[in-house]
**Student:** 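Below you'll find the structure I mean.
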Amino acid sequence: DTLSEEFKALYDEWGTAIAEKRHEWLEGLFAKDFLGTAQPWPTLSVDRKQMIELDKSIDAMDTVWLKVIAHKVGETVITLGFVKYNKEEFRPGATIAEGMPTGSDIASLTAGKVVAYVNGWRHNGTRWQVFDHHMVGIVEGFAT
């Protein structure tokens with residue numbers, strides 16, 4: 001549907017912005033009250049600043065969003081996205097915070113795999129911003 005296509009394009013742009021180091025674009029993507037979490041790390045919790053810094057610490061990014069499903073609920077859009085990580089390399093020593101996985105921990109988990117994400121989005125009058133971002137985990141045997 002049209003909404004899912006719109007959000008797939010937004011996810012594609014997010015990956016491109018990381019790969020091309022368009023940090024100003026990333027600054028506008030995340031809402032002020034952003035929260036990010038990820039399985040299998042129950043202690044991983046990042047705010048807007050930490051997420052931007054994490055994305056900036058990626059030296060090389062090659063991903064393909066295989067499928068994005070978007071649903072509008074009031075003024076919010078909830079998405080379920082499936083991304084294939086062909087390559088993701090973090091700057092050596094990249095960390096989020098004490099007790100959380102490093103960039104290399106994340107990259108070693110996702111390398112060559114399909115990962116599911118659930119996100120919450122709201123429009124700020126100018127663009128869609130992600131306010132809730134959750135890596136659900138690795139998806140085995142993904143088929144479109």
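Computed from heavy atoms alone, side chains included, the values below leave out hydrogens, waters and symmetry copies. When a residue number appears, it is its place in the shown sequence, counting from 1. What you see is a predicted model; the values in this text were computed from it and never measured.
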**Student:** Is the gap between the ring centers of Trp14 and Phe7 under 6.0 Å?
**Tutor:**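 Ring centroids of Trp14 and Phe7 are no less than 6.0 Å from each other.
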**Student:** If you round to the nearest 0.5 Å, how far is OG of Ser57 from CD1 of Ile52?
**Tutor:**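 Answer for the CD1-OG pair, Ile52 versus Ser57, is 12.5 Å.
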**Student:** Could you grab the distance from atom CG of Asp55 to atom CD1 of Ile18, nearest 0.5 Å is fine?
**Tutor:**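 Here the interatomic distance stands at 3.5 Å.
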**Student:** Heavy-atom distance under 4.5 Å between the side chains of Phe142 and Lys113, does that happen here?
**Tutor:**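 Heavy-atom side-chain distance check fails, nothing below 4.5 Å.
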**Student:** Donor-acceptor pairs are to be reported for all side-chain atoms of residues 68-92 against protein atoms at under 3.5 Å, with residues two or more places apart or in another chain.
**Tutor:**
residue: Thr79; atom: OG1; partner: Tyr11; partner atom: OH; Å: 2.6
residue: Thr79; atom: OG1; partner: Trp121; partner atom: NE1; Å: 3.0
residue: Tyr85; atom: OH; partner: Tyr117; partner atom: OH; Å: 2.6

**Student:** Answer yes when Arg22 and Glu13 have at least one side-chain N-carboxylate O distance shorter than 4.0 Å, and no when they do not.
**Tutor:**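 Salt bridge between Arg22 and Glu13, a charged N being under 4.0 Å from a carboxylate O: yes.
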**Student:** Is the backbone N or O of Phe30 less than 3.5 Å from a side-chain atom of Arg48, with the two atoms forming a donor-acceptor pair by type?
**Tutor:**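 Answer holds: yes.
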**Student:** State, yes or no, whether a side-chain contact exists between Trp65 and Leu10 at a heavy-atom distance under 4.5 Å.
**Tutor:**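 No, side chains not in contact.
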**Student:** So, using side-chain contact (heavy atoms from CB on, under 4.5 Å) as the criterion, who are the partners of Ser104 when residues are at least two apart?
**Tutor:**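 For Ser104, the residues satisfying side-chain contact (heavy atoms from CB on, under 4.5 Å) (neighbours in sequence not counted) are Thr102.
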**Student:** Under a single-linkage definition using a 4.5 Å side-chain heavy-atom cutoff for Ile, Leu, Val, Met, Phe, Trp and Tyr, are Ile96 and Leu26 assigned to the same hydrophobic cluster?
**Tutor:**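 Linked within one cluster.
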**Student:** Under the 3.5 angstrom rule, does the side chain of Ser4 hit a backbone N or O of Asp1 as a donor-acceptor pair?
**Tutor:**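 Between the backbone of Asp1 and the side chain of Ser4 there is no qualifying donor-acceptor contact (under 3.5 Å).
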**Student:** Say you draw a straight line from NE2 of His134 to CG of Leu35; how long is it, rounded to the nearest 0.5 Å?
**Tutor:**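 Interatomic distance, His134 NE2 to Leu35 CG, rounded to 0.5 Å: 10.0 Å.
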**Student:** Could you measure the distance from the CE atom of Met51 to the OG atom of Ser45? Nearest 0.5 Å is fine.
**Tutor:**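 One finds 11.5 Å between CE of Met51 and OG of Ser45.
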**Student:** Hey, is the main chain of Ala17 close enough, under 3.5 Å, to the side chain of Glu20 for a donor-acceptor pair?
**Tutor:**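 Flag not set: sc Glu20 to bb Ala17 has no pair under 3.5 Å.
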**Student:** Decide whether Glu6 and Trp128 meet the rule of one side-chain donor and one side-chain acceptor closer than 3.5 Å.
**Tutor:**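 The criterion, which ignores hydrogens and geometry beyond distance, is satisfied for Trp128 and Glu6.
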**Student:** Salt-bridged, Arg122 to Asp33, with N to O below 4.0 Å?
**Tutor:**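 A salt bridge links Arg122 with Asp33.
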**Student:** Is it the case that one hydrophobic cluster holds both Leu3 and Val118, taking links as side-chain heavy atoms less than 4.5 Å apart, direct or via other members?
**Tutor:**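 The answer is no; the residues belong to distinct hydrophobic clusters.
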**Student:** Quick test of your reading of the model: are Lys56 and Glu27 salt-bridged, counting only N-O distances below 4.0 Å?
**Tutor:**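 The answer is yes: the pair qualifies as a salt bridge.
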**Student:** Testing the basics here: between Trp41 and Leu109, what is the closest heavy-atom pair and its distance to 0.1 Å?
**Tutor:**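 The pair with the smallest heavy-atom distance is CH2-CD2, 3.4 Å.
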**Student:** Any side-chain heavy-atom pair from Phe34 and Val46 closer than 4.5 angstrom?
**Tutor:**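 A side-chain contact exists here, since the closest heavy-atom pair is under 4.5 Å.
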**Student:** Using 0.5 Å steps for rounding, measure from the CD atom of Glu53 to the CD1 atom of Ile58.
**Tutor:**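 So the gap between those two atoms works out to 11.5 Å.
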**Student:** Look only at the side chain of Lys8 and the backbone of Leu66, and say whether a donor-acceptor pair between them is shorter than 3.5 Å.
**Tutor:**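 Not at all, since once roles are kept as given, no pair shorter than 3.5 Å links the two residues.
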**Student:** Supply the atom-to-atom distance Met135 CE to Leu44 CG, rounded to the nearest 0.5 angstrom.
**Tutor:**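 Rounded to the nearest 0.5 Å, the CE-CG separation comes to 8.0 Å.
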